[in-house]
Amino acid sequence: MQMLSDRYLTDDVNALPLARELYEVMKEYSILSPHGHIDPKVILENKAFANPVELLVTPDHYITRMLFSQGVSYESLGIPKKDGNGGAVDPREVWRILGANWHLFRGTPSRIWVQEILYTLFGIDEILNKENADKLYEVIDNKLKSPEFLPQALFNRFNIEVLATTDATADDLKSHKAIGGLGLKGRVIPTFRPDDVSDPLRADFSTAIEKLSAVSGVGITSFASLLEALRVQRALFKSVGATATDHGVFSAQTLVVSDSEKEALFKQVMQGGADISVVEKYRAVMLMEHARMSADDGLVMQLHPGSLRNYDKKIFDTYGADRGFDIPVSLTFTKELQPLLNEVGSSKNFKMVLYTLDESTYSSELALIAGAYPSVRLGPSWWFLDSLNGMQRWRDAVTETAGYYNTVGCIDDTRAFCSVPVRHDVARRIDAGYLAKEILRHRINKAEALELAADVAYNLSKDFFNL
């Protein structure tokens with residue numbers, strides 16, 4: 001295999017020269033990653049990645065999900081169990097399993113991400129398979145043992161200007177504070193994610209309330225005191241560099257109720273066993289309160305509903321969350337977000353980024369909302385849509401209504417550290433090809449496309465996420 005320099009730009013021969021020129025502009029920009037899931041301890045502790053499996057297989061639920069779908073057990077992949085058992089599998093055997101099954105990934109974004117990492121990071125210009133698995137394992141493993149492949153060296157090599165992590169409500173952010181003194185070329189900043197205190201159906205709900213009370217120093221005995229504790233933590237996050245919050249909710253429903261109703265809801269959910277209608281009402285009220293707090297303190301609110309998480313109970317009970325069984329569900333936004341937008345949608349201090357797994361709503365609802373409210377931007381295709389086809393469909397769905405300037409730049413949304421630069425590079429290639437075709441369609445001229453290239457690659461994220 002030969003990784004062509006024009007890969008992913010465009011299949012239109014007439015647009016290719018323009019796409020190349022636009023990509024040359026875009027690739028020079030440093031990486032802004034305002035939404036990701038890298039563990040900050042990876043950067044802080046700066047330990048060598050143990051082996052190719054730890055780097056590329058274990059943290060990637062796209063990889064493990066596909067293998068599982070074809071009958072490969074999590075046990076054989078060494079996925080650790082919630083009870084601490086499992087995981088004691090020779091990584092070479094896991095890599096051989098991946099090599100023997102790599103054909104399963106043909107046509108998928110996972111194929112692109114991994115092959116790009118192999119090529120750009122390790123200089124491997126061949127397709128993984130059963131026959132070369134051992135050889136490629138040795139190449140990767142040897143390089144991982146060198147100082148150039150320690151996380152902090154890679155961070156600088158990747159030209160990352162800002163890397164945002166996702167952090168729990170009660171996190172003390174000690175890792176982030178320590179990272180600030182490392183002298184890295186870029187910044188690692190936290191993102192406030194209060195899902196654990198916002199959804200009474202989570203198993204850790206009561207424990208999360210207790211932890212928030214302890215870390216904030218606020219005794220949480222009422223809804224009002226819960227909000228006070230959240231404000232304390234939000235202020236802590238801001239002081240360590242956070243510019244955004246993140247809300248992985250089931251529904252976009254928001255609701256305005258009286259203070260007495262809030263207190264009654266809080267009492268019911270804290271007692272346990274609340275009816276689903278009470279739970280849903282509490283979720284909607286909490287989402288409204290998070291928006292109000294964002295309007296007060298300026299943290300950008302990121303909202304991504306529509307995922308039925310931990311779909312398979314046996315997988316969740318055995319291996320825990322984020323193991324590839326989050327399934328999209330259809331939902332709507334317009335009526336659900338109306339209370340929120342009526343109250344804070346035009347606030348000068350409020351910003352919100354909307355994402356969804358249901359791409360049909362991009363053109364029917366989300367593009368219209370973002371195209372109307374100065375506080376709202378559309379997050380790019382991600383999760384199940386972070387693919388070449390998904391990126392192109394997303395641009396087609398939203399551009400005519402929302403334009404380019406009601407969107408934000410690339411969101412890599414990854415737990416796999418080495419995929420960060422790859423995802424941004426592929427997104428820039430796709431966008432370069434898209435803009436080139438728009439020139440040929442006479443929708444924009446070349447000068448406008450060159451300006452858009454810089455904005456899409458860097459400026460939109462820089463501005464909206466306050467980076």
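Distance alone, capped at 3.5 Å, places no donor-acceptor pair between the Thr399 side chain and the Asp396 backbone. A distance-only check finds no donor-acceptor pair linking the side chain of Ser76 to the backbone of Val72 [under 3.5 Å]. Gln152 places a side-chain N or O within 3.5 Å of a backbone atom of Ile43 that can act as its donor or acceptor partner. Checked by atom type and distance alone, the side chain of Asp431 never pairs as donor or acceptor with a backbone atom of Arg428 at under 3.5 Å. A distance-only check finds no donor-acceptor pair linking the side chain of Thr401 to the backbone of Val398 [under 3.5 Å]. Judged purely by atom type and a 3.5 angstrom limit, Asn156 uses its side chain to pair as donor or acceptor with the backbone of Lys185. Ser239 places a side-chain N or O within 3.5 Å of a backbone atom of Leu236 that can act as its donor or acceptor partner. Between the side chain of Thr191 and the main chain of Ala164, no donor-acceptor pair closer than 3.5 Å is present.
Between Leu154 and Cys418 the shortest side-chain heavy-atom distance falls below 4.5 Å. Contact annotation: the side chain of Ile97 never approaches that of Glu93 to less than 4.5 Å [non-hydrogen atoms, C-beta and beyond]. Within the 4.5 Å cutoff, the side chain of Ile117 has no heavy atoms near those of the Ile124 side chain.
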* Give the intermediate values and the outcome of salt bridge (charged side-chain N to carboxylate O under 4.0 Å, His left out) for residues Glu138 and Arg92. => CA-CA 9 Å; Glu138 290 298 328; Arg92 294 176 186 274; 2.3 Å; yes

* To do: Using the ring-ring contact (aromatic ring centres under 6.0 Å, His included) rule, take Phe68 and Tyr74 through it: C-alpha gap first, then chi angles, then the decisive distance, then the call.
  => CA-CA 7 Å; Phe68 187 87; Tyr74 278 5; 4.9 Å; yes

* Take Asp167 and Thr165 through the test side-chain hydrogen bond (donor to acceptor under 3.5 Å, both in side chains) and record every step on the way to the result. => CA-CA 6 Å; Asp167 308 276; Thr165 62; 2.8 Å; yes

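Legend: residues meeting side-chain hydrogen bond (donor to acceptor under 3.5 Å, both in side chains) with Arg283, ordered by chain and number and at least two apart, are Asp199. Residues satisfying the side-chain hydrogen bond (donor to acceptor under 3.5 Å, both in side chains) test with Asp204, not counting sequence neighbours, are Arg202.
Judged purely by distance below 3.5 Å, without hydrogens or angles, the side chains of His35 and Thr166 never pair a donor atom with an acceptor atom. In summary, the side chains of Ser33 and Arg423 do not present any donor paired with an acceptor at a separation below 3.5 Å, with no hydrogens or angles considered. In summary, the side chains of Tyr8 and Glu116 do present a donor paired with an acceptor at a separation below 3.5 Å, with no hydrogens or angles considered. If you check the side chains of Asn101 and Gln70, you find no donor sitting under 3.5 Å from an acceptor. Residues Ser387 and Asn389 bring no donor and acceptor atom of their side chains to less than 3.5 Å of each other. Between the side chains of Ser216 and Gln233, no donor-acceptor pair of N or O atoms lies under 3.5 Å. Side chain to side chain, Asp412 and Thr414 fail the donor-acceptor criterion of an N or O pair below 3.5 Å.
Crowding of Lys130 atom NZ: a count of heavy atoms from other residues, nucleotides or ligands under 6.0 Å not exceeding 12. Around atom CD of Glu400, no more than 12 heavy atoms belonging to other residues, nucleotides or ligands sit under 6.0 Å away. Around NZ of Lys41, the count of heavy atoms belonging to other residues, nucleotides or ligands within 6.0 Å does not exceed 12.
Judged by a 6.0 Å distance limit and a 45° cone about the ring axis, Arg429 is positioned over the six-membered ring of Tyr23.
Centroid-to-centroid, the aromatic rings of Phe350 and Tyr373 stay 6.0 Å apart or farther. Aromatic ring centroids of Phe417 and Phe158 lie under 6.0 Å apart.
Using a 30° and 60° split on the angle between ring planes, His290 and His247 fall in the tilted class, from 30° to 60°. Ring planes of His304 and Tyr355: perpendicular class, angle over 60° (limits at 30 and 60°).
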For residues 459-467, which side-chain donor-acceptor pairs fall under 3.5 Å, sequence neighbours excluded?
unit_1	atom_1	unit_2	atom_2	d
Asn459	ND2	Asp455	OD1	2.8
Ser461	OG	Gly409	N	3.2
Lys462	NZ	Glu161	OE2	2.7
Lys462	NZ	Tyr458	OH	3.4
Lys462	NZ	Leu467	O	3.2
Asn466	OD1	Lys351	NZ	3.0

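The two residues Gln115 and Leu128 come nearest to each other via the heavy atoms OE1-N, 3.4 Å. For the pair Asp246 and Asp195, the tightest heavy-atom approach, listed with the atom from each and the gap, is O-OD1, 3.8 Å. Minimum interatomic distance between Ile127 and Arg111 (heavy atoms only, all atoms of both residues): CD1-NH2, 3.3 Å.
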